[in-house]
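Written out below as structure tokens is the structure these notes cover.
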Amino acid sequence: MRETFVTTASAFLDDPRTAIVLADISAAAFAPAAERHPDRVLNVGIREQLMVGVAGGLALTGLRPIVHSYAPFLVERAYEQIKLDLDHQGVGAVLVSVGASYDRAAAGRTHLAPADVALIDTLRDWTVHVPGHRDEVPRVLRDVVCGQDSAYVRLSTESNATAYPDAGDLRIMRDAGPGAPLLVVVGPLLDQALAAVADRAVTVTYTHRPRPFDTAGLRALAGSEVILVEPYLAGTSARVVGAALADRPHRLLTLGVGRADLRRYGLTEDHTRWHGLDAAGLRRSVDAFLSRSA
């Protein structure tokens with residue numbers, strides 16, 4: 001996904017309205033683009049707050065900045081600047097992160113950012129995309145860069161086997177019929193979720209755009225049991241689902257990255273397993289949830 005992002009974003013520089021702002025991360029990958037457009041590929045060094053501040057200034061002049069770093073540096077470290085220099089000023093930018101929740105697990109807690117989408121969710125009217133495959137990235141970037149509002153694109157080394165570029169609204173991956181429990185999967189956990197309920201009567205839907213959430217699609221498909229699987233902090237979209245179904249009796253299970261500080265490095269797949277987001281862990285959680293309604 002990161003390589004696809006660099007290629008796609010570099011091509012957008014042919015539009016004189018586009019700029020790319022970096023804080024050393026991926027600077028080498030963008031070097032050819034910087035040679036062609038030295039005035040619109042800006043590397044501020046390891047100063048993430050400044051990176052977002054510069055993006056806010058560029059946006060005030062009418063440019064469309066793409067701002068890029070690791071998720072904890074881009075969202076958590078620079079959150080105040082996102083809030084003030086973009087949101088409060090009423091200007092838009094496209095934030096693109098790598099690292100996701102625990103892609104760089106071996107680097108320790110400084111490189112883990114499961115709370116990034118929840119933080120962005122405190123701001124107003126942001127679009128959030130969480131691609132599940134590298135081939136979903138170009139269309140996502142085109143849509144947000146050609147827009148005007150702020151957007152957050154969360155890239156990962158984790159991936160589904162198949163791309164679904166048009167899955168902004170909920171896409172039905174498996175239909176178990178009217179009244180079946182509904183499982184909503186965000187981004188690169190789709191394959192794990194499908195495997196988890198392969199022999200269960202559960203309708204499975206997929207989206208790479210959790211904000212704005214497809215509430216119309218949710219209402220059309222949801223029965224009395226909804227399961228939400230997200231590759232970041234568990235429960236991040238619970239308020240959206242709850243509000244959309246407030247007039248209906250329903251039970252909601254939210255699965256994602258837990259709040260416990262594991263204090264272990266390990267590999268990406270270790271963290272997926274520790275948080276119960278592998279197929280076996282998801283199956284245990286889903287079975288326990290559905291058994292309580294039997």
Should we count [atom1] of [X] as having more than 12 external heavy atoms under 6.0 Å?
X: I46; atom1: CD1; value: no
X: Q89; atom1: CD; value: yes
X: R264; atom1: CZ; value: yes
X: E269; atom1: CD; value: yes

Validation row: [X], [Y] side chains within 4.5 angstrom (heavy atoms):
X: V98; Y: M1; result: no
X: L245; Y: R219; result: yes
X: T203; Y: P181; result: no
X: Y79; Y: V52; result: no
X: V153; Y: V144; result: yes
X: L255; Y: E230; result: no

Point to revise | Within the 6.0 Å centroid threshold, strictly below: H208 and Y164 | key: no
Review point. Given the side-chain rings of H111 and Y102, with only the six-membered ring counted for Trp, is the space between their centroids under 6.0 Å?
Key: no
**Study point:** CZ-CZ distance between F30 and R36, expressed to the nearest 0.5 angstrom
**Key:**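 Nearest 0.5 Å value for the CZ-CZ distance: 10.5 Å.
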Review point. Would you say V130 and V67 are hydrophobically clustered, going by side-chain heavy atoms of ILVMFWY under 4.5 Å?
Key: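 Linked, V130 and V67 end up in one cluster.
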Point to revise | Cation-aromatic face contact R251/F289, 6.0 Å, 45 degrees | key: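 Judged by the rule (NZ or CZ under 6.0 Å from the ring centre, within 45° of its axis), R251 counts as positioned above F289.
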Give a yes or no on whether a salt bridge exists between [X] and [Y], defined as a side-chain N under 4.0 angstrom from a carboxylate O.
X: R283; Y: D278; answer: no
X: R200; Y: D287; answer: yes
X: D125; Y: R211; answer: no

Practice item. Run the numbers on Y152 and S97 for side chain to side chain donor-acceptor pair (under 3.5 Å), then give the verdict. Key: CA-CA 8 Å; Y152 178 47; S97 73; 2.7 Å; yes
Strictly by modelled atom types, are [X] and [Y] linked by a side-chain donor-acceptor pair under 3.5 Å?
X: S26; Y: R2; value: yes
X: Y265; Y: D270; value: no
X: S156; Y: D103; value: yes
X: D121; Y: W126; value: no
X: T4; Y: R134; value: yes
X: E158; Y: T268; value: no

Where the side chain of [X] meets the backbone of [Y], is there a donor-acceptor pair that is under 3.5 Å apart?
X: R171; Y: D166; value: no
X: R248; Y: A222; value: yes
X: D87; Y: L123; value: no
X: T8; Y: F5; value: no

Review point. Among I25, I20, L95, V94, whose side-chain contact (heavy atoms from CB on, under 4.5 Å) with H68 holds?
Key: I25
Point to revise | Heavy-atom closest contact (T236 atom, L233 atom, distance) | key: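 In this case the closest contact between T236 and L233 is OG1-O, 2.6 Å.
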Exercise for review: Of all the heavy-atom pairs spanning S150 and G92, show the shortest one and how long it is.
Suggested key: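 The pair with the smallest heavy-atom distance is OG-CA, 3.3 Å.
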